[in-house]
Amino acid sequence: MHFILWATLILPLCFNSANGVELTFELPDNAKQCFHEDIQQGVKSTVEFQVVTGGHYDVDAVLEAPSGQVLFRGIKKQSDSFTWVAEQTGVYKLCFSNEFSTFSHKLVYVDFVVGEEKPLPGVGDHLTAMTKLETSSSSVHEHLNTIIDYQTHHRLMEAQGRKRAEDLNTRVMYWSMGETLLIVLIAVGQVMVLRNFFSEKKGTPS
């Protein structure tokens, strides 16, 4: 399905199917970005998101129906998911807000899945029961989808952990530089005080 985007996308993931869109985008501070999806009545949809980097790893999220009814609202959420069945045909709006943050940019991952996944080509097209080969193919396909989901979440966790480690490393580096500078200043001060003790004062009789 067509996914209308009212935002500048950063680092999009290489995944795009007829049933939804999976992407990662940058959400600046004091900013709000919305996504729109045209969904038919009775179609089951799922929205899942996670803040990968930035600030306290939290955003506000709101999902609205075409009538303006709020289907989901999350306040300062690090991650969440919501599944619903469309009660009316129209454009559903999903908005992420970072307006409560004055300086922290966020990197947000979102997975918008609309409808059920289409069956494998040729599987189940005949009137008879599925053959053993078709059953095995369908099972392998489901397991591969599960593996892809696990890989995606592990990549997100790895990216989040790496960012936190980099931030910690930066803080430790700045702290070490500050300590080094302080030690140098103390050493210079001690040398100047000691030189003052042993230097000959002017006007002192020989």
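What you see is a predicted model, and the numbers here were worked out from it, not measured in a lab.
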Legend entry - Note, Thr102 side chain near Asp29 side chain (heavy atom, < 4.5 Å): no
Inset, instruction - Working to the nearest 0.5 Å, report the span between CG of Leu185 and CD of Gln190. - result: 11.5 Å
Inset, instruction - Taking the side chain as every heavy atom from C-beta outward, state whether Asp58 and Lys106 have any atom pair closer than 4.5 Å. - result: yes
Inset, instruction - Would you indicate whether the side-chain heavy atoms of Gln50 and Val108 approach each other to under 4.5 Å? - result: no
Inset, instruction - List the atom of Ser45, the atom of Ile39, and the distance in Å for their closest heavy-atom pair. - result: OG-CD1, 3.6 Å
Inset, instruction - Look up atom CD in Glu26 and atom OG1 in Thr53, then write down how far apart they are to the nearest 0.5 Å. - result: 8.0 Å
Legend entry - same_hphob_cluster(Tyr92, Phe82) at 4.5 Å side-chain heavy-atom cutoff: yes
Legend entry - Closest approach of Lys77 to Val51 (non-hydrogen atoms, all atoms of both residues): O-CG2, 3.8 Å
Inset, instruction - Kindly indicate whether the side chain of Phe100, heavy atoms from C-beta on, has any atom under 4.5 Å from the side chain of Ile75. - result: no
Legend entry - Transitive ILVMFWY side-chain link Val62 to Leu71, under 4.5 Å: no
Legend entry - Gap between atom CG of Leu181 and atom OG of Ser176 - 0.5 Å precision: 12.5 Å
Inset, instruction - Ignoring hydrogens and angles, tell me if any N or O in the side chain of Glu64 forms a donor-acceptor pair with the backbone of Gln69 under 3.5 Å. - result: no
Inset, instruction - Examine the side chains of Glu48 and Tyr109 and answer whether a donor and an acceptor come within less than 3.5 Å of each other. - result: no
Inset, instruction - Find out if a path of hydrophobic residues (ILVMFWY) with successive side-chain heavy-atom gaps under 4.5 Å connects Trp84 to Val110. - result: yes
Legend entry - Glu158, CD: over 12 other non-hydrogen atoms inside 6.0 angstrom: yes
Inset, instruction - Verify the cluster assignment for Val47 and Val70: are they in a single hydrophobic cluster under the rule of side-chain heavy atoms below 4.5 Å apart? - result: no
Inset, instruction - Indicate, with yes or no, if Met157 and Leu107 share a hydrophobic cluster defined by side-chain heavy-atom contacts under 4.5 Å among Ile, Leu, Val, Met, Phe, Trp and Tyr. - result: no
Legend entry - Atom CE of Met192: over 12 foreign heavy atoms under 6.0 Å: no
Legend entry - Separation between CD of Glu22 and CG of Asp111, rounded to the nearest 0.5 Å: 4.5 Å
Inset, instruction - Would you confirm whether the ring centroid of Phe49 sits within less than 6.0 angstrom of the ring centroid of Phe96? - result: yes
Inset, instruction - Tell me, please, whether Tyr57 has Arg164 positioned over its six-membered ring: NZ or CZ under 6.0 Å from the ring centre and within 45 degrees of its axis? - result: yes
Legend entry - Closest heavy-atom pair and its distance - Gln40, Thr89: OE1-CG2, 3.3 Å
Legend entry - Closest heavy-atom pair and its distance - Cys34, His36: CB-CE1, 3.9 Å
Inset, instruction - Considering non-hydrogen atoms only, spot the tightest contact between Lys44 and Thr83 and give its length. - result: CE-CG2, 3.4 Å
Legend entry - Gap separating the NE2 atom of His56 from the OG atom of Ser101, nearest 0.5 angstrom: 8.0 Å
Legend entry - Test item: Val91 and Pro66 side chains (from C-beta on) under 4.5 Å apart, heavy atoms: no
Legend entry - Spatial distance of atom CG (Leu63) from atom CZ (Phe35) [nearest 0.5 Å]: 12.5 Å
